[in-house]
There are 2 protein chains.
Amino acid sequence: MNTRRPKIAVLNAPGAGPWPGLDPLSAEADVIHGGDEASLAPALGDAEIVVVTDIRTKLLRALWPRAKALRWIHATSAGVDAIMFPELETSDVLVTNARGLFDCAIAESVVGMILAFAKDLRTTFELQGARRWRHRETESVRGQNLLVVGAGSIGRQIGRYGQGIGLAATGVARRARDGDPDLGRIHPADDLPALLPEADWVAVAAPLTRHTRGLFDREAFRRMKPGARLINVGRGPIVNTEDLCGALDHGEIAGAALDVFEEEPLPDTHPLWTRRDVILTAHMAGDFVGWRQALSDQFIRLYRQWSAGQTPSNIVDKPDVAT
Amino acid sequence: MNTRRPKIAVLNAPGAGPWPGLDPLSAEADVIHGGDEASLAPALGDAEIVVVTDIRTKLLRALWPRAKALRWIHATSAGVDAIMFPELETSDVLVTNARGLFDCAIAESVVGMILAFAKDLRTTFELQGARRWRHRETESVRGQNLLVVGAGSIGRQIGRYGQGIGLAATGVARRARDGDPDLGRIHPADDLPALLPEADWVAVAAPLTRHTRGLFDREAFRRMKPGARLINVGRGPIVNTEDLCGALDHGEIAGAALDVFEEEPLPDTHPLWTRRDVILTAHMAGDFVGWRQALSDQFIRLYRQWSAGQTPSNIVDKPDVAT
């Protein structure tokens, strides 16, 4: 029986207060919450585990030299790009993420955006606001092609739901593979330029890595169909925003639904806000009602594995995600 | 070889002009378009076929005594309620409809409305208009219950797409049956009161008949979940609008997406227009880009069957749809 009381430091967003739902651990571990250096620095000296709930934090890197006891970092997000730095990459510290938790909600958001464009819901709400009855013809997506960039659990769920509403889905990822039940053939990244001209919908659900940063640039947009729409639920810097605006201006693509941005929050002066061919949301595609509790429950499951001497699930391959 | 030139009268909406796409028939039949009594009355005297493209027409009934040669009425709609009258019901004249043509587009519209509510797209568009970055938690529909009222080809497609995005779909229809691939068990109409309390989403895709008129009334809404939303893509009079407004006012249900109404167009003074818990569209859920041409192509296929001495597909069971 494990009688140690490991110390868990929870790195929250500044001013956000303690992350909820971790109370069940207090019987077996010391859980210390903090959002700034003053509150976290002392805890990090002997914390074996750090839970990062603020994916934009720079504190972990700043306090790294103190973290002598650290064995495991858990991120309550799918993407871990923002917390990675070279010393962590080359260390033995385990990194786990919230894999699986956001899949369905994000896939629902992507399908919602596809249908918002196809059924022109922006105009629907405007006409309703003006009390105007106007019959319109809208698009059917039946048989259209959905290209999913990134074939992790989120990308595959997007493929599944896309096929569920009659789209033909295919995927592209760093590692090609055949016979995926949701995406069929998953093409290697090098095939992206050849796949883009066929896609009516391109959904980006890839991690931000050195391979994906700036993947959607002027050249990529030029290869897309004039009627195509881009949906980004991955990471902002995968899409070059300036090139996207240019592609929309020049009719190289027809629209974009963006949940993530190179700069977040998107500055209120940014030209994206006023485009009718763009739908914007505030990095929330996966954040279903109850997500915080679900993330805590997931971490507690991983902690129990670790506490029992097992390797926790959801290990991130650090070289894979290096940016 | 059939050398007759049958006469086909096409009954269009007043002032709408000729229905497009029927030119291929001109080599083998006389196709006469009309939108009022003056243009149609002479043609109806010896027309064997009437194609009704204006589902709200009263002309067919008015001119019925003249239609001595009539053998077949084709409606370019899924619902034929508005063209039925007792003399037609009891006659030997065949009635066919546009079965199958609108299934996918309507199912896409229903799923789009479900996700518009779940992801709160109204607020998404409003925040974008105000250039406001605001993170929100939205609903996940995963595992929620979708009850489809009406298990014809449209209802079944709604069930298929609903399951395709993670909903648990079930159906209710006049005739119960088991083992439907899309809806599982299809419950008999009498089970509706027992099914309503379980449903998170209720999609109405039934024909308007004497059995469905007013089906959603005060009593039905009282049985629904406070969080449930009603989606009507069937016919307006299946839902009692006044009772619906009352149910929304009293929190008996949480919202409604309506494509059809007791009175169409919905009067611009109607209180439904200004409700944030209601999404309105102008009887267009199935009208995908290219629908008119697709309807003509479908009629031409049925005409070729008829012309070859076969019974055309898509025969409507007249007693079933009597209102």
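Protein chains get the first letters and strands the later ones, always in sequence-line order, with residue 1 at the start of each.
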Asks: Give the member of T269(A), I279(A), L127(A) that has the highest number of heavy-atom pairs under 4.5 Å with chain B.
Replies: I279(A)

Asks: With a 4.5 angstrom heavy-atom cut-off, could you sort out which part of R134(A) is near chain B: side chain, backbone, both or neither?
Replies: backbone

Asks: Evaluate whether atom CD of E126(B) has more than 12 neighbouring non-hydrogen atoms of other residues, nucleotides or ligands under 6.0 angstrom away.
Replies: yes

Asks: Are there residues of residues 290-297 of chain A whose heavy atoms fall under 4.5 Å of chain B's heavy atoms? If so, which?
Replies: G290(A), W291(A), R292(A)

Asks: According to salt bridge (charged side-chain N to carboxylate O under 4.0 Å, His left out), who are the partners of R136(B), at least two apart in sequence or on a separate chain?
Replies: D120(B)

Asks: I need the residue from H270(A), R142(A), R275(A) with the largest number of non-hydrogen atom pairs under 4.5 Å to chain B.
Replies: R142(A)

Asks: Could you check if a side-chain atom of E264(A) sits within less than 4.5 angstrom of a side-chain atom of W133(B), using non-hydrogen atoms only?
Replies: yes

Asks: Which one of V111(A), I165(A), V110(A), L121(A) satisfies the side-chain contact (heavy atoms from CB on, under 4.5 Å) criterion with L115(B)?
Replies: V111(A)

Asks: Nearest 0.5 angstrom please: R132(A) CZ to L280(B) CG, how far?
Replies: 14.0 Å

Asks: Write out, in numerical order, the residues from residues 146-162 of chain B with a heavy atom short of 4.5 Å from a heavy atom in chain A.
Replies: R160(B), Y161(B)

Asks: With a 4.5 angstrom heavy-atom cut-off, which part of F261(A) approaches chain B: side chain, backbone, both or neither?
Replies: side chain

Asks: Between the side chain of R131(A) and the main-chain N/O of D268(B), is any donor-acceptor distance below 3.5 Å?
Replies: yes

Asks: Out of G164(A), A285(A), A282(A), return the one with the most heavy atom pairs under 4.5 angstrom to chain B.
Replies: A282(A)

Asks: Quick one: of L272(A), T123(A), T124(A), who has the most non-hydrogen atom pairs under 4.5 Å with chain B?
Replies: T124(A)

Asks: I need the residue from V141(B), V278(B), L266(B), T281(B) with the largest number of non-hydrogen atom pairs under 4.5 Å to chain A.
Replies: V141(B)

Asks: What residues form a ring pair (Phe, Tyr, Trp, His ring centres under 6.0 Å) with F299(A), not counting sequence neighbours?
Replies: W72(A), H74(A)

Asks: Given that the side chain runs from C-beta out, which part of I114(A) has a heavy atom under 4.5 Å from chain B: side chain, backbone, both or neither?
Replies: neither

Asks: Relative to chain A, which of P265(B), C104(B), G112(B), A116(B) shows the most heavy atom pairs under 4.5 Å?
Replies: P265(B)

Asks: Let's test your reading of the structure: which of M113(B), M284(B), K119(B), Q128(B) forms the most heavy-atom pairs below 4.5 Å with chain A?
Replies: Q128(B)

